[in-house]
2 protein chains.
Amino acid sequence: MGCDETRWLEPRELDTWLAFVAATTLLDAELDRQLQRDAGMPHAYYQVLAMLSDVPQRRLRMSELAAITQSSQSRLSHAVARLEREGWVRRTPCPSDRRSTYAELTEAGFAALEAAAPGHVSTVRKYLFDRLTPEQVGQLHEISKAVLSGLGIDPDATTMPTALAEAERRRHP
Amino acid sequence: MGCDETRWLEPRELDTWLAFVAATTLLDAELDRQLQRDAGMPHAYYQVLAMLSDVPQRRLRMSELAAITQSSQSRLSHAVARLEREGWVRRTPCPSDRRSTYAELTEAGFAALEAAAPGHVSTVRKYLFDRLTPEQVGQLHEISKAVLSGLGIDPDATTMPTALAEAERRRHP
DNA sequence: CTGAAGTAGTTGAGAACTCAACTCTAGCAC
DNA sequence: GTGCTAGAGTTGAGTTCTCAACTACTTCAG
């Protein structure tokens, strides 16, 4: 019969897949562990602070912030609630659209980020960039962008200047 | 002063890092969503069943299983508890070492895996391998192995035959 | 202006994970 | 043998995340 239409992974693909899953799983765990231990926050929260720090006025609407951190609205809402309890982020209502809320990095939040950054960056170096040749960095960039576009994401939207332009354009089309 | 010894990421590296984090975060979320929706299990649990299915007798010691699924012992213990409640895995004591426990795939577990596999594989294809050229698959494999070895993992240990040999050798050195 | 549909954000319940503390067993020194 | 250190696994508390339901506001058709 015409059963089993599934196109399984070829051996090369399977090996690649298993290695890729293992590498990303462990790398992510390592990043979380380092940040949690040394800075008291998981990687996802670091990203929130980092994105806010890199933006004019150090504030963004919740939905913009969710978009550039690859977070669901719900997840971001819980995250910001925690960051706010910590005193690292402040929520303020948006005057022009009263549905919206600004998330704004506080001084304490900026200080926490500055304290966390060196350890985080050196972890990223240690486990990723130090192991790769310059060509491999380029390859990884291309591969990541290819995957992103497959997920319906404009690959430039993960880079701050463009991410902002995107968000801006979305509001004033 | 000689402060700020941190070697920050260069622009190329930063772009690569942001794209990589975004891609892996979203890809992982997509895999979890697909499996949770269509098979009632997260990706991590799928991996447990998949690894067990691929092994003689469809059973492994908990610690071996933890190693090849990149899981902490605690995480695996919780996971297997859930899979056991579901009737997909059975725990049996190991006679030769009474500290150890076997996790064994049940018939129902095998059936659940068989039912889940096509959808999972086609998601992996759709969002990863379909977007990559054959060269990029090779590059991704090399990059993943480089990262794994940086994490102190033998990259071959994610491939089943070798993973078993490793575990075997560890027991009878 | 009214109401329908869409957008922004929050909330609560439950699932999954982390960390540290714990039990039980093995292997080894003496 | 006795005691000591190490290994295998579990547990519980606390944290983060997901999903679905919800509120509140905006936009736009008519």
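Being a predicted model, the structure only gives us computed values, none of them experimental. Proteins come first, then strands; the chains are lettered A, B, ... in the order of their sequence lines, and each starts at number 1.
- Within the structure, every side-chain polar atom (N or O) of A:Arg61 is placed at least 4.0 Å from both OP1 and OP2 of C:dA8.
- Proximity of residues 82-98 of chain B to DNA chain C (heavy atom under 4.0 angstrom from any strand atom) is restricted to B:Arg82, B:Asp97, B:Arg98.
- Ion pairing between B:Glu13 and A:Arg125 holds under the 4.0 Å rule for side-chain N and carboxylate O.
- In this structure, the CG atom of B:Leu76 is 13 Å from the P atom of D:dT11, given to the nearest Å.
- Rounded to whole Å, atom C1' of D:dG9 lies 6 Å from atom CD of B:Gln73.
- The pair B:Glu84-B:Arg90 does not count as a salt bridge, with every side-chain nitrogen at least 4.0 angstrom from each carboxylate oxygen.
- For the pair A:Arg58 and A:Phe110, the cation sits on the ring face: its NZ or CZ lies under 6.0 Å from the ring centre, inside 45° of the axis.
- Counting heavy atoms from C-beta on, the side chains of B:Arg91 and B:Ser77 come closer than 4.5 Å.
- Taking the six-membered ring where the residue is Trp, A:Phe129 and B:Trp17 present perpendicular rings, their angle passing 60° and hence far from 30°.
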Item to complete: For A:Thr92 and A:Thr101, run side-chain contact (heavy atoms from CB on, under 4.5 Å): C-alpha distance rounded to whole Å, both residues' side-chain angles, the deciding distance at 0.1 Å, then the answer.
Response: CA-CA 6 Å; A:Thr92 60; A:Thr101 308; over 6 Å; no
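- Applying the 3.5 Å distance criterion, the base of C:dT11 shares a donor-acceptor pair with the side chain of A:Ser74.
- For A:His78 and D:dA20, the NE2 to P distance is 14 Å, given to the nearest whole Å.
- Rounded to an integer number of Å, the gap from B:Leu65 CG to D:dT10 P is 11 Å.
- Contact check for A:Leu9 versus B:Val121: side-chain heavy atoms found under the 4.5 Å cut-off.
- For the contact set between residues 27-44 of chain A and DNA chain D, defined by any heavy atom under 4.0 Å, the members are A:Pro42, A:Ala44.
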Could you run down the sub-3.5 Å N/O contacts of the protein with nucleotides 4-7 of chain D?
none

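- Between A:Thr101 and the phosphate of C:dA8, there is no side-chain N or O to OP1/OP2 separation shorter than 4.0 Å.
- Annotation: salt bridge (Lys or Arg N to Asp or Glu O under 4.0 Å) contacts involving residues 68-78 of chain B, sequence neighbours excluded, are absent.
- Residue A:Ser100 has no polar side-chain atom (N or O) positioned under 4.0 Å from OP1 or OP2 of C:dT7.
- The shortest distance between the side-chain N/O atoms of A:Ser63 and the OP1/OP2 oxygens of C:dG9 is below 4.0 Å.
- For the pair B:Gln47/B:Leu65, no side-chain contact is recorded, criterion being any heavy-atom separation below 4.5 Å from C-beta on.
- Between B:Arg75 atom CZ and D:dT16 atom C1' there is a gap of 13 Å when expressed in whole angstrom units.
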Kindly list each side-chain donor-acceptor pair under 3.5 angstrom involving residues 21-29 of chain B, sequence neighbours excluded, with atom names and distances?
residue : atom : partner : partner atom : Å
B:Thr24 : OG1  : B:Phe20 : O            : 2.9
B:Thr24 : OG1  : B:Val21 : O            : 3.2
B:Thr25 : OG1  : B:Val21 : O            : 2.6

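- Phosphate proximity of C:dG9 to A:Tyr102: absent, as no side-chain N or O sits under 4.0 Å from OP1 or OP2.
- Between A:Gln136 and B:Gln139 there is no side-chain heavy-atom pair separated by less than 4.5 Å.
- Residues A:Val80 and B:Tyr45 each lie close to DNA chain C; by heavy-atom proximity, the contact nearer the 5' end of the strand is made by A:Val80.
- With sequence neighbours excluded, no residue forms a salt bridge (Lys or Arg N to Asp or Glu O under 4.0 Å) with A:Asp130.
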